[in-house]
Amino acid sequence: MPAILDRLAQLPRERQARLVDAAVYGSVVMLAALAVVDPEEVEDGWGLELVVAVGVATWIAHFFAELVADQIRHAHLPDRGARIRDLSNGTPVILATLLPAVAIGLGRFDAVEADTAIWAAIGLALVQLFCVFLVVGSVSRDRRGTWLYALATTALGLVVVAIKIALGH
């Protein structure tokens, strides 16, 4: 992890912000998707398909939003290099999908119980969200604010979990 943090710290602040933005967005959207997955959907494969589809759709939406924003920033359609950069800026969205999808996949293929797979996926998404703010803390000048953001964001994730419980899934 320190090598990743060193690499991130070497990037321009704007690029750091875009990558963190995508990581937060991907994690929160993944938590929302997991809130509606039930054990039967895990067992029949729909849960895994939903998680992967939400991750991919969010990545595409993030890329499109970056393209539109770049067009406004520069008053013209971005060049090929900018489009590739915009595409890679959304990589954390896909990464936020990966571990929860693996957990749901384990439930799909009966390596663990479906309920366990769902809660493991939610737990992983919450940990990922918290870790994003640990990364923010490593590049931030305001360490106090980082902990506040980390706790607030984790609380947001817990609200999603509470909604899941309230929905009876």
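Side chains included, hydrogens not; waters and symmetry mates left out as well; all remaining heavy atoms used. Keep in mind that what you see is a predicted model, and the values were worked out from it rather than measured.
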So does Arg85 pair up with Glu66, basic N to acidic O under 4.0 Å?
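Between Glu66 and Arg85 there is no salt bridge, as every charged N stays at least 4.0 Å from the carboxylate O atoms.
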
Connected via hydrophobic side-chain network under 4.5 Å: Val56 and Phe63:
yes

Which value, rounded to the nearest 0.5 Å, describes the distance between [X] atom [atom1] and [Y] atom [atom2]?
| X | Y | atom1 | atom2 | result |
| --- | --- | --- | --- | --- |
| Glu41 | Arg108 | CD | CZ | 12.5 Å |
| Glu14 | Asp21 | CD | CG | 9.5 Å |
| Leu126 | Leu31 | CG | CG | 5.0 Å |
| Asp38 | Asp115 | CG | CG | 9.5 Å |
| Leu99 | Ile104 | CG | CD1 | 12.0 Å |

Minimum heavy-atom distance [X]-[Y], with the two atoms named:
| X | Y | value |
| --- | --- | --- |
| Ser88 | Leu19 | O-CD2, 4.0 Å |
| Thr58 | Tyr25 | CG2-CE2, 3.4 Å |
| Ala117 | Val112 | CB-CG2, 3.8 Å |

Arg73: partners by salt bridge (charged side-chain N to carboxylate O under 4.0 Å, His left out), with sequence neighbours left out:
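Here the qualifying residues are Asp70.
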
Apart from Leu98 itself, members of its ILVMFWY cluster (side-chain separation under 4.5 Å) are none

Is it the case that over 12 heavy atoms from other parts of the model lie below 6.0 angstrom from the CD atom of Glu113?
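No - once you tally the heavy atoms of other residues, nucleotides and ligands closer than 6.0 Å, there are 12 at most.
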
In sequence, state the C-alpha distance, the side-chain angles, and the governing distance for Ile118 and Leu34, and then conclude on side-chain contact (heavy atoms from CB on, under 4.5 Å).
CA-CA 7 Å; Ile118 293 168; Leu34 290 167; 5.7 Å; no

